[in-house]
Amino acid sequence: MSSQSSIRWFDDFVGVAYRYYDLRMNVVPLFTDRKKASSLWHDVIHWWLDSSIKIRFVEIDDKYWFIMGSDSQHPESNFSFFKILPESDNYERFKNGHGGEAYLRLGVYVTKFRKDVKNDELCYCGHAAEDHDKDDNDLCLYEECMCKKFSTFQVTILKRKKTITDIQFLEEKNIKNDPLAWNCLNINKYSKFS
Ligand SMILES: [Zn+2]
Ligand SMILES: [Zn+2]
């Protein structure tokens, strides 16, 4: 890696999905805008060398830091990704099941409302769209349910992929030994909040 101080950090994405797809775990940073995801792939990730892509996970309290970076054939326009995310079942599944290898893909995350879905699609509340009252702001009709508005989401995984083989879960007390994670927390945590 070139000089550590030159790493630029990017966190303008909405989250990370972990999905089985093509028989392998996929790590999928999520964007709400498809064009933004595509241009980011084109401008940054396309130039990454698969063998140098690193993903680091650092759990702090009940959150974790997602940290991803790579050497690039276009270092001048390169940057690294980070995001502080709540621990989730899918994250745990990835942690226990990745087997040292994953595909990196980008994803588009779209929130869908009552007008966007068929009657049998499920809401966050677990009840079907047709069980939400069209005349009352989509209120869920199940008496015991607190849901006041139908919503769900859809993740579209984009085709282009890179293979990641350098995946590590680190404890915060050990990150000084890992240049990428150390740089990330140093710039985005310690120098801001200490
Ligand atoms: Zn609902
Ligand atoms: Zn409901």
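Basis for what follows: all heavy atoms, side chains included, without hydrogens, waters or symmetry-related copies. This one's a predicted model, so the numbers in the text were calculated from it and none came from an experiment. Numbering of ligands and ligand atoms starts at 1, following listing order.
Counting only protein N, O or S atoms closer than 2.8 Å to the Zn ion (ligand 2) gives 4.
Remark: Phe94 pairs with Tyr18, Phe57, His98 by the ring-ring contact (aromatic ring centres under 6.0 Å, His included) rule, at least two apart or across chains. Listed by chain and residue number, Met25, Arg93 satisfy the side chain to side chain contact (heavy atoms under 4.5 Å, CB included) test with Tyr20 (two or more places apart in sequence, or in another chain). In this view, Trp41 satisfies the ring-ring contact (aromatic ring centres under 6.0 Å, His included) rule with no residue, not counting sequence neighbours.
Ile55 pairs with exactly one of Thr165, Val27, Ile67, Leu180 by the side-chain contact (heavy atoms from CB on, under 4.5 Å) rule, that one being Val27.
Environment of CG in Asp89: sparse, with no more than 12 heavy atoms of neighbouring residues, nucleotides or ligands closer than 6.0 Å.
Using the six-membered ring where Trp is involved, Phe13 and Phe10 have ring planes that are parallel, under 30° apart on the 30 and 60° scheme.
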